[in-house]
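Structure first, commentary second.
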Amino acid sequence: MNDRKTLEERAAMSDIERLRHSCAHVMATAILKLWPDAQFAYGPPIETGFYYDFDMKHRITPDDFEKIEAEMKKVAKDNQKFEKKVISREEARTLAESGRLGGLAERPGNVSRYKLDLIDKIPEGEEISCYQNGEFLDLCAGPHVNYTSKCKNVKLMSVSSSFYMGDESKGQLQRLYGTAFESREELEQHLVALEEAKKRDHRKLGKELQLFHIDEDVGQGLILWTPKGAILRQELQNFISDELRKQGYSQVFTPHIGKLTLYKTSGHFPYYKDSQFGAIIENDEFQKCADAGCSCSEIMQRIDGVSKRLADGINERVGKEVIPADRVMADDQILDGFMLKPMNCPHHIKIFDSQQRSYRDLPVRLAEFGTVYRWEQSGELNGLTRVRGFTQDDAHLFCTEDQIAEEVLGCLSLVKKVLTTLGMNNYRVRVGLRDPDGSKFTGDPAQWDKAEAACRAAAATLGVPFSEEPGEAAFYGPKIDFVVKDVIGREWQLGTVQVDYVLPVRFDLSYIGADNQKHRPVMIHRAPFGSMERFCGVLIEHFAGAFPTWLNPEQVRVMTISEKADEFARSVFEQLRTAGLRVTLDVEAEKIGAKIRTAQLEKVPYMLVIGQKEAEANSVAVRHRSRGDLGLQSVEAFLEAVTLEVAERTL
RNA sequence: GCUCGUGUAGCUCAGUGGUAGAGCACUUCCUUGGUAAGGAAGAGGUCGCGGGUUCAAUCCCCGCCACGAGCUCCA
C-alpha cells in the first residue's frame, strides 16, 4: 500500500491477480451477509492470494471461516456479474455517505468511512468507478473477472490485524487472508505445497533433530546451540575459515561489550538506541547519580552525553554538525557505561588503529565470527531467522581507494563460492546505490561515483542477475546484497558487502602513503552468511534437515542385525571413529527394520548394516538415506569414499 | 510494540467446574530378527506463571510470560 497504482498499472493485472481481486469482493459480499455492519477499506490481490481489510464489531476467528466460505460458495454459485460503473466524484461521495459503498444496501448512520477517505485520495481527473456483483457495491478501479462463478476455488487462510494505510494512528482493522486459483487442482497443489513447507520449517526440524533450543528463562530470541546444531555451525565456520585463509584474511577475537564512548564515536549510539540493548552502567556510577539526586531523565541525558573534544573532532572531520551541541557536556557529567555490541566494526577499527599502518600493509583484512546483540521487537522474533543475539561471519577490510574494486570482487567471489558449495543457486544480487536526493548520504560525490562503479563492475563479473537500486545504499556507502530464495519462495537477505567512507573519518583512521603523507583508508564490511543463526535456519529448510554428509551432525550409523554381530560392528565403529567420521553404533535389541527406520527419520546419510554375513566377509552392507541399499563394500572402500565425500564437501 | 489466536507427559495432541488421557519416545524384561515400526510391563504431568470468582478452577474472569499469524520496524 505504498505508492498509488496508476490506472494503467491496474489494467496490467495478471489473470490470477484479477481473479483474486474478484475473490476479495466475493469474500466481502459473504462477510456482509453475515455481519452487515462491516466497513471495508482495502482488498488487493497479493503474491499468494488476497486479503480484505475491514472493521466491524464481530471479531473473526478461524471458527468463522467455514461459515464465510459457505456464503462465498453461494455467491459463486449465484454466478453474479461483475458490473463496472463510472461515476462522478460527487456520486461516489454520496454513495459513501449513505453507507452504500462496500455494502449490500444503503446503511443509514453507517458511513463508508474508509471508502470516503479513499475517494478523497483519488487524484483530480482520474476516472472513478465502482463495481457491483449482486447486491455488493464497492468503490473499485478494477479490473475483475466477468462472473462470480470463477471465484469458487477459494480457501480462507488466516486472520490478523492491520492498520489503515499501514498507519498505527489511524486505527486497527481486521484483515482476512484467502487464496484462490483458477482450478481446483491448482488450489489443492498450493495447499499441499504449504504442507510440505511446514514440514521443512526450521523451528520444527530444529526441535526434531535437536539442532538448537530457545529457552524462556534465557530469553526470547537468544539461541542455545545444542551439540548437533553446534556441529552444523562449526562445519560451516570451518568451511568459511578455510576460504578466508586462502584469501589472506587475519583472524581476530574481540569481546562482546565495549564502552559507550566507542559507539558514540561510531555513531551507533544513541541513534540506533531503539534497536539496542540498554546501556550497562556501573553500580557506583548509578549511586553517584542517586546521591546527587538526579532524575531519570537527567540520567538518560548523561548517558547520551559526549565530551566537547569528541564532538568537535568528529564534527570537524565529517564537515558538519553530526553531534549536536545539546549533547555536549563536561566530562564529569557524562555517564560512560558499556554496551552489548550491536556491530563488530568499532572493535575491528580499534585493532586496525592499534598500530601505524603503511600503504604496504594494505589491505588489512580482519575476520571474526563476532556475536552482536540487537533489540528486535518481540513480534518480529522468529526461530533462527530473526533473533536478538547472533553471530556474524564478519570481516572488515581496510584498503586504499584504488583497492576497492579488487577487494569488493574478492568478497563477492567468496559469497558466490559459499552459496555454490551449498547448492543455493536461486539467488539474486542487489547493488544498492545512493539516493538521487543528495541530502540522504554523506561524503564526497566523486568518491561515491568511484565506489558505485566498482560495485557495479564487480557485480557484473559474477554472472548472476543483478539489479541496481538507487536509494538502497547504506548512508555511509554503496552495498551489494545477496538475496537468496528459499524453497517456499521467501527471500532472505543473507550475504552483504558494504563500502564505507564514513567510519574511517569518524575514527580518524589513517595510513602512511608512498608520498610519506597520511591518507584515509576506506573500509569494506562483509558477511557472506550474514549471520550464522539466520543462515543455518535457511539451510535447515533448504535441505529439509537432510544435510550433505560433510555438514550432517551424524554421518554414519553402524547397526547390527543381531547380537552375534556386535563384536565386528564395534570394530567397524572404532575404525570409522578413529578416521574422524561422526559415527554412532546401534546395538539395541531391535529388528533391523526398526533401526533403519529410526536412522532414516533422523536423516543419517549412511547406514551400515552388519550381520554374520558381513562379519565373515569382513565387510559392511551400505545403505544410503536417499539412494537406498548400495550393497556390500569393504570397510576400507567405504571409509575412503565417505572421507572423500566429506573432504570435497559434496552435496 | 500492536491485534487476534495458542499454551495439558520429552514430542504430537484428546479432554473435563469435582486435582487428567492417547499415540510415539523413555526404562526394564522377553524376542536374536536381513533393509522404514516384534511383544509385554513400568515410569513420567502443581494442566505456562500470578491473581480473582466459586464449597470446588486445568476448564470461567483479569494480569503477566512464551509461542504462532499478520501489522509496524529493521544498522
Side-chain angles (χ1 to χ4, degrees), chain A residues 1 46 51 53 55 58-64 157-177 198 201 203-204 207-210 213-221 263 266-269 271-276 341-346 372 374-383 386 388 392 473-477 479 493 496 498 500 502-503 525 527 559-566 587-604 607-614 621-625 627-632:
Chain A
M1 206 183 323
I46 53 175
Y51 67 80
D53 282 348
D55 188 22
H58 176 77
R59 294 275 158 200
I60 301 262
T61 71
D63 294 338
D64 297 321
M157 303 302 290
S158 67
V159 60
S160 73
S161 81
S162 66
F163 298 115
Y164 181 58
M165 305 305 266
D167 185 344
E168 204 166 331
S169 66
K170 288 188 176 158
Q172 202 113 32
L173 299 170
Q174 304 190 56
R175 174 174 294 182
L176 188 51
Y177 285 87
K198 247 190 220 167
D201 190 312
R203 293 164 298 190
K204 180 178 149 69
K207 194 178 271 182
E208 283 172 7
L209 301 175
Q210 302 172 354
H213 174 64
I214 298 170
D215 193 279
E216 278 190 34
D217 289 341
V218 174
Q220 53 176 165
Y263 301 101
S266 70
H268 292 115
F269 188 86
Y271 297 106
Y272 294 110
K273 209 188 216 169
D274 287 350
S275 48
Q276 290 165 180
K341 66 179 175 188
M343 289 191 129
N344 298 304
C345 24
V372 298
R374 298 181 190 180
W375 186 261
E376 300 287 353
Q377 296 188 73
S378 64
E380 266 312 318
L381 298 171
N382 179 289
R386 205 61 192 277
R388 283 183 172 161
Q392 297 177 313
F475 69 91
Y476 48 70
K479 64 174 181 175
Q493 197 216 295
T496 179
Q498 306 182 353
D500 181 358
V502 171
L503 283 179
H525 309 242
M559 50 186 71
T560 49
I561 299 224
S562 83
E563 258 175 40
K564 295 175 190 120
D566 279 8
V587 288
E588 292 292 305
E590 271 298 345
K591 296 196 353 186
I592 196 66
K595 293 186 185 183
I596 286 171
R597 181 181 145 84
T598 304
Q600 285 285 153
L601 291 175
E602 292 177 19
K603 304 184 196 289
V604 180
M607 288 155 265
L608 300 185
V609 176
I610 294 183
Q612 281 178 287
K613 205 164 70 188
E614 286 74 19
V622 182
R623 180 190 162 94
H624 186 266
R625 175 176 68 192
R627 279 173 275 153
D629 194 344
L630 301 180
L632 225 57

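Quick note: numbers below take in every heavy atom, side chains included, and nothing from hydrogens, waters or symmetry partners. This structure is a prediction, so every number in the text was calculated from the model and none was measured. Throughout, protein chains are lettered first and strands after them, A, B, ... in sequence-line order, and every chain is numbered starting at 1.
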Check your understanding: Any side-chain heavy-atom pair from A:Leu608 and A:Val622 closer than 4.5 angstrom?
Key -> yes
**Study point:** A:Tyr476 vs A:His525 side-chain heavy atoms within contact, under 4.5 Å
**Key:** yes
Check your understanding: Is any side-chain heavy atom of A:Pro342 closer than 4.5 Å to a side-chain heavy atom of A:Phe269?
Key -> no
Check your understanding: Is any side-chain nitrogen or oxygen of A:Gln220 closer than 4.0 Å to OP1 or OP2 of B:A66?
Key -> yes
Practice item. Tell me what A:Ser158 touches on the nucleic acid: a base, only sugar-phosphate, or nothing, going by heavy atoms under 4.0 Å. Key: sugar-phosphate
Review point. Closest to the A:Tyr177 side chain: B:A36, B:C73, B:C71?
Key: B:C71
Review point. Which part of the nucleic acid does A:Asp274 contact within heavy-atom distance under 4.0 Å: base, sugar-phosphate only, or nothing?
Key: nothing
Check your understanding: With a 4.0 Å cut-off on heavy atoms, is A:Lys564 in touch with a base, just the backbone sugar-phosphate, or nothing at all?
Key -> sugar-phosphate
Exercise for review: Please state whether the phosphate of B:C67, meaning OP1 or OP2, lies under 4.0 angstrom from any side-chain nitrogen or oxygen of A:Asn382.
Suggested key: no
Practice item. Mark yes or no for a side-chain to base donor-acceptor pair under 3.5 Å between A:Arg374 and B:C74, with no hydrogen or angle criteria applied. Key: no
Practice item. State whether the side chain of A:Gln220 and the backbone N or O of A:Leu381 hold a donor-acceptor pair below 3.5 Å, judged by distance alone. Key: no
Review point. With a 3.5 Å cut-off and just heavy-atom distances, do the side chain of A:Glu614 and the base of B:G34 make a donor-acceptor pair?
Key: yes
Revision key, fill the gap. Taking pairs as Watson-Crick (N1-N3 plus N6-O4 or O6-N4) or G-U wobble (N1-O2 and O6-N3), each distance under 3.5 Å, the stems of three or more consecutive pairs with RNA chain B are B:1-7 with B:65-71, B:10-13 with B:21-24, B:26-30 with B:38-42, B:48-52 with B:60-64
Review point. Would you say A:Tyr263 and A:Lys341 make side-chain contact, with heavy atoms under 4.5 Å?
Key: yes
Check your understanding: Which whole number of Å gives the distance between the P atom of B:C71 and that of B:A36?
Key -> 44 Å
Review point. Where the side chain of A:Arg388 meets the backbone of A:Glu376, is there a donor-acceptor pair that is under 3.5 Å apart?
Key: yes
Check your understanding: Contact class for A:Glu588 vs. all strands (heavy atom < 4.0 Å): base, sugar-phosphate, or nothing?
Key -> nothing
Review point. What is the nucleic acid contact for A:Glu602, judged by heavy atoms within less than 4.0 Å: base, sugar-phosphate only, or nothing?
Key: nothing
**Study point:** Nearest-nucleotide 5' precedence on RNA chain B, A:Gln600 against A:Arg386
**Key:** A:Gln600
Check your understanding: Judged by atom type as modelled, is there a donor-acceptor pair below 3.5 Å linking the side chain of A:Lys603 to the main-chain atoms of A:Arg625?
Key -> no
Practice item. Tell me what A:Glu216 touches on the nucleic acid: a base, only sugar-phosphate, or nothing, going by heavy atoms under 4.0 Å. Key: sugar-phosphate
Check your understanding: Given B:A69, is OP1 or OP2 found less than 4.0 Å from the side-chain N or O atoms of A:Arg203?
Key -> yes
